[in-house]
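Keep in mind it's a predicted model, so treat the numbers as computed, not measured.
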Amino acid sequence: MRRESRRSGVFTRRAVAVLAGQTAVLGLLSARLYQVQVTDGARYATLARQNSVSLRMIAPVRGRIRDRTGVVLADNKQTWRALLIAERAGPGAMDVNRTLDRFSAIVPLDPRARARIRRDLAHNRRFIPVLVADFLTWEQMARIEADAPRLPGVVIDVGQSRVYPLGPDFAHVVGYVAPPTPDDVARDPALALPGMRVGRTGVERFRERDLRGTAGSVQLEVNAYGRVIRELARDGGVPGDDVTLTLDAKLQQLAMARLVGQSASAVVLDARNGAVLAMASAPSFDPGLFDTGVSAAQWHAWIADPMAPLTDKATVGVYSPGSTFKPGVALAALSAGLITPSATFFCPGYFQLGNRKFYCWKRGGHGTIAVQGAIQQSCDVFFYHTALRVGIDRIAAMSHRLGLGTRLPLDLPAQAAGLIPTREWRRAQGHPWVLGDTVLAGIGQGFVQVTPLQLATYAARIATGRAVAPHVTRAIGGRVLAGAQATDWPLLDLAEPVLDAVRAGMTAVVNTQQGTGWTVRLPPALGQMAGKTGTAQVADVSQAERDRGGFHSSKLPWKLRPNALFVAYAPVAAPRYAVAVVVAHGNEGAVAAAPVARDLMIAALSRDPDLAAAMTATGVSPMGVSPTGTPPMGGPLAGGPLAGGSL
């Protein structure tokens with residue numbers, strides 16, 4: 001009995017010990033379970049979701065760019081691209097390399113692409129997607145999706161690429177986009193997102209913040225291999241704003257068509273409010289290539305082209321204005337009271353200054369001539385005298401007031417200031433200013449340099465008497481910008497009789513038979529156009545060459561021929577539009593530039609609702625050119641005041 005009692009006591013103690021142990025284990029398990037399910041439940045739920053849900057940021061849709069009538073100039077199209085998320089490929093660099101090797105079997109990656117991927121991986125966190133290949137074909141995209149288990153970390157993304165429906169016609173003013181550089185990403189980390197593009201030139205660059213938008217995100221369900229099962233949610237972010245320009249697509253296309261085959265530019269302004277209706281630069285280039293990638297061969301071809309297709313000649317091209325500068329010189333002298341509208345000078349065909357002769361374009365001279373006739377017939381000798389009387393500093397001050405040789409408040413990123421020389425500027429160059437420099441400046445030669453956009457602004461300011469300034473943006477995101485009317489611009493503080501004297505000369509240029517622009521007058525239904533021809537030498541012509549009979553600058557090599565220019569505004573009675581055309585090495589302004597300006601002026605007037613009926617009634621072509629592309633009236637001069645000479 002005692003043995004049984006002892007055995008029973010041992011069993012009971014053991015049972016209690018076991019029970020106590022089980023209770024302790026159960027308590028620990030319960031505590032751990034409570035911690036997992038209650039205390040840390042939210043954290044583990046998040047980790048579980050991360051095993052099945054992938055959250056990625058996506059680039060926003062870039063805003064479109066349109067012309068004033070709604071024609072799309074810059075748009076987006078859907079493309080496929082392959083992205084790599086390093087943390088999903090594996091913990092080490094070898095895992096990433098293995099994935100890239102397998103990917104290369106489907107879409108080849110050259111050494112430059114590999115180097116770029118490694119650089120992007122090194123500069124970004126491992127959870128940020130890095131672009132592996134863009135612009136994939138349907139077949140490439142399908143093969144990558146089918147081989148997804150062997151490509152850990154690789155995902156297919158639907159992106160947007162930039163397209164330019166009218167291509168080269170708007171390349172310079174609209175600009176282009178390109179992938180961001182490391183410096184861009186350092187300034188704004190959001191640019192590291194695949195598919196992000198940055199405006200490099202033109203409106204794309206100037207309105208970058210408006211066009212870019214705000215990044216969005218997409219939630220994807222993935223399996224254990226990282227393969228996407230389905231898209232759970234998508235937040236496209238905030239698309240960029242659409243930007244509407246002042247440009248008229250048809251007028252711009254006409255300008256480009258009339259300049260084809262030449263190194264030239266043309267600008268059409270609304271003289272009343274400064275809206276740029278056309279700003280053409282020829283030759284041009286395909287802006288879409290910068291989004292997909294420019295080949296080395298193409299880049300070298302552009303750089304080697306003597307006509308400089310990558311240069312926006314309208315805003316950064318600088319040229320001597322030649323005789324188009326003469327109205328500004330006349331205004332400087334008239335406003336200072338140093339000449340009167342009736343004052344005359346005698347032109348024998350040359351001007352003697354010391355032992356040097358400065359010639360007029362007309363060998364026999366113009367005889368006694370006043371300011372209106374001097375502008376009408378472009379007498380060089382009259383303006384030699386006038387320039388010496390007024391002085392270079394007054395000429396510079398008036399030129400700046402008219403928009404020449406100064407930066408204009410233009411909503412584009414690139415603009416050359418040009419140069420109107422002064423005595424102080426010349427001294428800063430380490431040289432004294434001499435009278436011969438003033439003589440040359442009087443006819444827009446020597447050191448004087450302006451842009452075609454400045455010349456169009458100059459014509460608009462003479463036409464209106466106000467400090468009209470150009471702009472190319474009309475609306476952003478549907479919000480119309482404050483478009484200044486002509487009366488909103490400050491007056492130039494020039495007396496009307498002074499302006500009228502110069503305007504009369506410019507009107508006579510086009511509308512009288514003695515005028516150098518007689519052949520490019522407008523159809524009577526459109527009223528009269530005022531203008532000024534210009535021919536600016538780019539190489540010296542020796543006295544022997546001038547005296548030799550039959551010499552003409554057209555016989556020079558192309559690069560040594562004078563530049564051809566023409567500025568105009570119309571209608572004279574109530575100016576609406578101003579035009580400037582510059583043809584590099586075009587030889588004569590009345591022949592190469594004036595007919596282009598005339599066509600553009602007719603087109604601008606014909607698209608004005610107030611004048612459309614008058615155009616139809618006279619049977620003038622709506623866009624101002626005949627079916628053959630030649631001017632409806634006139635054409636290259638066979639004789640007359642320009643035969644055998646230039647101005």
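The salt bridge (charged side-chain N to carboxylate O under 4.0 Å, His left out) search around Asp241 returns none, not counting sequence neighbours. Contacts of Arg561 classified as salt bridge (charged side-chain N to carboxylate O under 4.0 Å, His left out), with partners at least two apart in sequence or in another chain: none. Looking at residues two or more places apart in sequence or on another chain, you find a salt bridge (charged side-chain N to carboxylate O under 4.0 Å, His left out) between Arg114 and Asp101. Shown here are the salt bridge (charged side-chain N to carboxylate O under 4.0 Å, His left out) partners of Asp248, two or more places apart in sequence or in another chain: Arg607.
Summarising the geometry of Val177 relative to Tyr164, their closest heavy-atom pair is N-OH, 3.3 Å, with the distance given to 0.1 Å. Heavy atoms only, all atoms of each residue included: Asp169 and Gln252 are closest at O-NE2, 2.9 Å.
Looking at heavy atoms from C-beta onward, Arg102 lies in side-chain contact with Arg98 at the 4.5 angstrom threshold. Residues Trp302 and Leu289 have side chains in contact (heavy-atom distance under 4.5 Å, counting atoms from C-beta outward). Contact of the Val203 side chain with the Leu412 side chain is registered, since non-hydrogen atoms from C-beta on lie closer than 4.5 Å. Within the 4.5 Å cutoff, side-chain heavy atoms of Ile106 are placed close to those of Leu151. In this structure the side chain of Val71 never reaches within 4.5 angstrom of the side chain of Lys250, judged on heavy atoms. Between Leu600 and Val596, the closest side-chain pair of non-hydrogen atoms falls below 4.5 Å.
Using cut-offs of 30° and 60° for the angle between ring planes, the Phe290 and Trp299 rings count as perpendicular. Taking the six-membered ring for Trp and thresholds of 30 and 60 degrees, Phe285 and Tyr176 have ring planes more than 60 degrees apart, a perpendicular arrangement.
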Donor-acceptor list for residues 262-269 side chains, cut-off 3.5 Å, not counting sequence neighbours:
none

TODO: Evaluate the criterion side chain to side chain contact (heavy atoms under 4.5 Å, CB included) for residue pair Arg162 and Asn76; output intermediate values, then yes/no.
DONE: CA-CA 5 Å; Arg162 201 65 162 166; Asn76 307 295; 3.0 Å; yes

- [ ] Tell me, with the steps shown, if Leu166 and Gln253 meet side chain to side chain contact (heavy atoms under 4.5 Å, CB included).
- [x] CA-CA 9 Å; Leu166 300 182; Gln253 288 179 298; 3.8 Å; yes

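A distance of 12.5 Å separates CE of Met279 from CG of Leu251, quoted to the nearest 0.5 Å. Note: Leu83 CG to Leu131 CG = 6.5 Å, rounded to the nearest 0.5 Å.
Within a 6.0 Å sphere centred on CZ of Arg68, heavy atoms belonging to other residues, nucleotides or ligands number more than 12.
A salt bridge links Arg197 and Asp134; the closest N-O separation between the charged side-chain nitrogens and carboxylate oxygens is under 4.0 Å. Between Asp210 and Arg479, no side-chain nitrogen of the basic residue sits less than 4.0 Å from a carboxylate oxygen of the acidic one, so the salt-bridge criterion is not met. Using a 4.0 Å cut-off between charged nitrogen and carboxylate oxygen, Glu208 and Arg62 count as a salt-bridge pair. Between Asp183 and Arg187, no side-chain nitrogen of the basic residue sits less than 4.0 Å from a carboxylate oxygen of the acidic one, so the salt-bridge criterion is not met.
Residue pairs meeting the salt bridge (Lys or Arg N to Asp or Glu O under 4.0 Å) criterion with at least one partner in residues 297-307, sequence neighbours excluded, do not occur; the list is empty.
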